[in-house]
Every structure is written in C-alpha cells, then in structure tokens.
2 protein chains.
Amino acid sequence: MAEPTGAARDPEAVSRFVEHFAAQLVEAGLPRMPARVFAALLASDTGVLTSAELGERLRISPAAVSGAVRYLAQQHMVSREREPGSRRERYRVHGDQWYEALTNREAVIRRWEDALREGVVSLGSDTPAGRRLAETLAFFEFVEKEVEAMMDRWRAHREERFGRG
Amino acid sequence: MAEPTGAARDPEAVSRFVEHFAAQLVEAGLPRMPARVFAALLASDTGVLTSAELGERLRISPAAVSGAVRYLAQQHMVSREREPGSRRERYRVHGDQWYEALTNREAVIRRWEDALREGVVSLGSDTPAGRRLAETLAFFEFVEKEVEAMMDRWRAHREERFGRG
DNA sequence: CGCTTCTTTCAGAAATTTGTGAAGTTAAGG
DNA sequence: CCTTAACTTCACAAATTTCTGAAAGAAGCG
C-alpha cells in the first residue's frame with residue numbers, strides 16, 4: 001500500500017474501472033487476462049507494477065500473470081523491465097507504447113494486403129472478383145499511408161495539449 | 001488463362017484464396033465461419049451468393065451459413081436481400097459496406113471512451129493515473145475525428161482512381 | 001389451403017481455449 | 001557453492017465456443 005503520490009484512492013472504485021475497461025477490451029477481441037492486466041497497469045499511479053502486485057490486485061495466479069504479460073509484450077502494449085539488483089520483473093505501460101500498439105495493427109493489415117494481392121493474381125485482374133479485390137487492396141494501402149500521417153499529427157497535438165511526456 | 005468473365009475460373013485457386021484470406025481475418029479476431037463466408041463473397045464474381053451456394057462452396061451446413069450471415073449482417077459487413085418471387089435469400093458484399101464496416105469500429109471506440117471517462121472521474125483527474133486515462137481518452141477522441149476525415153479523402157481518391165462504383 | 005422449398009432455431013457432441021497447481025529454471029545474496 | 005526468491009513452463013481440469021443434424025418455422029405456388 002502507501003502510494004506516495006496522493007491520498008489512497010478507493011480501491012474498489014479502481015477495481016470497478018479496471019474490470020469495466022477490461023471488459024470492453026475483451027469485447028474488442030483481446031483475451032481476458034491480458035485485458036485485465038493491461039487495465040490494471042493503466043489504472044496504477046506509476047504505470048508500473050510487479051508480477052506480484054498484478055497477481056494480488058487481480059486475484060490471479062503467477063502463471064496467469066506470466067502468460068498475460070508475455071502476450072502484452074508481444075503486442076508491444078507493455079514493456080518489461082528488470083528491477084536492478086533483484087529478480088523482480090516490472091511491467092510498464094508507456095503512453096506512447098499504447099498508441100504505437102494500436103498502430104501496430106499495421107502488421108495485420110500488411111498480411112491482409114499480401115493475401116489480397118495473391119487473390120488478384122489468381123482470380124485475374126480482369127475479372128469482376130479480381131477488380132473487387134484490387135479495390136479493397138487499394139483501400140488498405142490508402143489507410144496504411146494515412147494512419148502514419150495521422151500519428152504524426154497526434155504527436156504534435158499531444159505535445160501542444162499535454163506538454164512532452 | 002484469363003477466362004472471359006463468367007467462365008468458370010480455376011475453382012481450386014479461388015478456394016485457396018478464400019481460405020488464406022479468411023485465415024488472416026480469423027487471426028485478426030473474426031470468428032471462423034463469418035470470415036470464410038465473407039471471403040467467399042469477396043471472391044465471387046457478382047459479390048452476391050445464396051445460402052445454398054455458400055454452403056456448397058465452403059462445405060458447411062445450412063445452420064452454419066445462417067449463423068455466419070447473421071453475424072456479418074450485424075457487423076454491417078454484408079447485406080441480405082430477398083430474391084423477389086422466391087424464398088431464396090441472397091447475401092451481398094458492397095465495396096462501400098466493407099469500408100464502412102471497418103469504420104464502424106467507431107462503436108467500439110465509443111464504448112472505450114465511455115469507460116475511460118468514468119475512470120478519470122473515479123480515479124480523480126488530479127492523480128497520475130487519472131491523467132494517464134485522460135490522455136488515452138484524448139487519443140481516441142482524436143482518432144475518431146481523424147478517421148472520419150480520412151474516409152472522406154478515401155471516397156474522393158477512390159472515385160478518381162476507379163470511377164464511381 | 002396445403003405442398004414444397006428454403007431458412008432458422010435448438011440441443012448436444014466435439015474441439016478449443018483458459019487458468020491453475022506443481023515442478024522446473026534462473027539468478028541474487030550470503 | 002548453496003539457498004532462496006521470483007518467474008516460467010507444463011499437464012490437466014474446467015469452461016466456453018463452434019458446428020452439426022434434426023425439427024420447426026416462413027413464404028411462394030399450385
């Protein structure tokens with residue numbers, strides 16, 4: 001306990017937010033445990049928690065924590081840090097990482113594009129179906145480019161509004 | 001190759017594309033059957049297939065077709081049409097629908113925003129965690145606005161490149 | 001008005017996913 | 001070099017999801 005910053009907040013209110021937000025993430029396709037762990041980190045004061053803290057707050061086993069953070073790290077949604085001079089591991093959400101993670105759906109889009117390109121070739125670019133696939137492909141290529149520009153604009157907007165993080 | 005439109009194309013090549021693209025969609029979080037049905041429609045010449053055709057091409061039961069199209073219709077990824085003077089139902093992918101469907105992740109984002117707003121209030125906007133949530137919220141609000149503008153630009157881009165659909 | 005054709009619903013079997021306890025692994029500290 | 005703290009891996013039990021066959025439900029057509 002004993003958060004240095006600010007008075008102790010109502011732990012139940014925190015938990016309520018964590019579970020509610022996690023539920024939204026689950027509905028959007030994130031597995032349950034990673035969603036809860038992520039939400040717990042978001043709602044923590046420092047944005048950093050150890051495995052033990054996560055297990056305690058969420059009432060889950062060390063194994064579940066381990067699996068969840070592995071997943072989140074792979075998605076670049078958290079980073080792992082070794083607490084120096086200890087075998088404790090710490091997990092952190094970085095404001096920026098969170099945004100970048102969403103952007104990293106790019107990798108997914110890239111694979112869609114590959115599949116579509118293959119489809120255009122094998123169905124024939126002069127067929128109606130081929131044309132439909134080509135247009136879909138064009139859409140994704142467009143989006144990919146636009147998202148990049150959008151993120152630049154966001155970073156500018158953010159700095160203006162919040163100052164550099 | 002390059003059969004005239006309407007001639008039977010290599011059905012195996014079509015199937016290969018369908019399954020490959022569907023697999024990508026599944027990996028992105030779409031349930032298996034809806035993904036396969038959607039891919040089959042994308043790869044069809046007219047963009048329209050009946051229940052029976054879908055069942056036959058994908059080797060799945062009528063029940064599976066029914067469940068999949070219900071899902072897809074709810075997500076606005078296909079529209080259902082009653083073939084006049086018949087109890088056959090037809091399912092269609094519309095180029096535009098497909099884009100709009102992706103845009104409709106908006107509804108999801110909206111719910112995330114709600115949860116985050118609630119979190120800012122209950123954690124206190126003067127706490128570090130509250131500030132983190134507020135910044136995340138700002139990000140999504142930004143994205144929401146930007147995506148709208150992006151879709152406008154896409155429609156213009158598309159018309160220029162493909163002519164109006 | 002009933003027959004026929006197509007679609008949906010429902011209950012259940014099968015497969016997949018999820019989370020746990022327990023053993024295994026790594027590395028700090030004496 | 002041995003002890004001990006912390007995380008990871010593994011096998012399995014439980015819960016959930018998914019797809020099917022069968023039966024019920026609409027809607028055109030004679």
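Every value quoted in this text rests on a predicted model; they were computed, and no experiment measured them.
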**Q** According to the interplanar angle, ranging from 0 to 90°, do the rings of B:Trp154 and A:Phe142 count as parallel (below 30°), tilted (30 to 60°) or perpendicular (above 60°)?
**A**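 The arrangement is tilted - the two ring planes meet at 30° to 60°.
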
**Q** Without decimals, in angstroms, what is the distance between B:Arg88 CZ and C:dT7 C1'?
**A**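 In whole Å, C:dT7 C1' lies 12 Å from B:Arg88 CZ.
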
**Q** From D:dT8, D:dA22, C:dT20, pick the nucleotide closest to the side chain of A:Ala63?
**A**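 The closest nucleotide is C:dT20.
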
**Q** Rounded to the Å, how far apart are A:Leu54 CG and D:dC7 C1'?
**A**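 My rounded result for the distance is 13 Å.
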
**Q** Would you call B:Arg161 and A:Glu135 a salt bridge, taking side-chain N to carboxylate O under 4.0 Å as the test?
**A**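 Salt bridge: no.
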
**Q** Would A:Glu27 and B:Arg111 pass as an ion pair if we require N to O under 4.0 Å?
**A**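 A salt bridge links A:Glu27 with B:Arg111.
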
**Q** Among the nucleotides D:dT9, C:dG19, D:dG21, which one has an atom lying closest to any side-chain atom of A:Ala64?
**A**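 Side chain of A:Ala64 sits closest to C:dG19.
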
**Q** Any side-chain N or O of A:Arg59 below 4.0 angstrom from OP1/OP2 of C:dT20?
**A**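 For C:dT20, OP1/OP2 do not have a side-chain N/O of A:Arg59 under 4.0 Å.
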
**Q** How long is the line joining CD of A:Glu89 and P of D:dT9, in whole Å?
**A**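 It is 11 Å, rounded to the nearest whole Å.
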
**Q** Starting at atom CZ of A:Arg70, determine the distance to atom C1' of C:dG19, rounded to an integer number of angstrom.
**A**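 Answer to the nearest Å: 13 Å.
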
**Q** Taking atom P of C:dT18 as reference, at what distance in whole Å does atom CZ of A:Arg36 sit?
**A**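 Between P of C:dT18 and CZ of A:Arg36: 14 Å.
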
**Q** Of the nucleotides C:dT7, D:dT20, C:dT8, which one has an atom closest to the side chain of B:Ser51?
**A**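 For the B:Ser51 side chain, the nearest candidate turns out to be C:dT7.
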
**Q** Taking atom P of D:dT8 as reference, at what distance in whole Å does atom CE of A:Met33 sit?
**A**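 My rounded result for the distance is 16 Å.
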
**Q** Starting at CD of A:Glu56 and ending at C1' of D:dA6, how long is that distance when rounded to a whole Å?
**A**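 That distance rounds to 15 Å.
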
**Q** Taking side chain as C-beta onward, heavy atoms only, is B:Gln75 less than 4.5 Å from B:Pro34?
**A**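 No, too far: nothing below the 4.5 Å cut-off.
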
**Q** Heavy atoms from C-beta onward define the side chain here; which of D:dA27, D:dC7, D:dT18 lies closest to that of B:Arg82?
**A**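 Selected nucleotide: D:dA27.
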
**Q** Minimum heavy-atom separation for A:Ala40 to A:Leu49, with atom names?
**A**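 Between these two residues, the closest heavy atoms are O-CD1, 4.0 Å.
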
**Q** Nearest whole Å is fine: how far is D:dA27 P from B:Arg87 CZ?
**A**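 Atom CZ in B:Arg87 sits about 11 Å away from atom P in D:dA27.
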
**Q** Measuring from the side chain of A:Pro31 (C-beta onward, heavy atoms only), which nucleotide among C:dG21, C:dT18, C:dT8 has the closest atom?
**A**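 Among C:dG21, C:dT18, C:dT8, the one nearest the side chain of A:Pro31 is C:dT18.
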
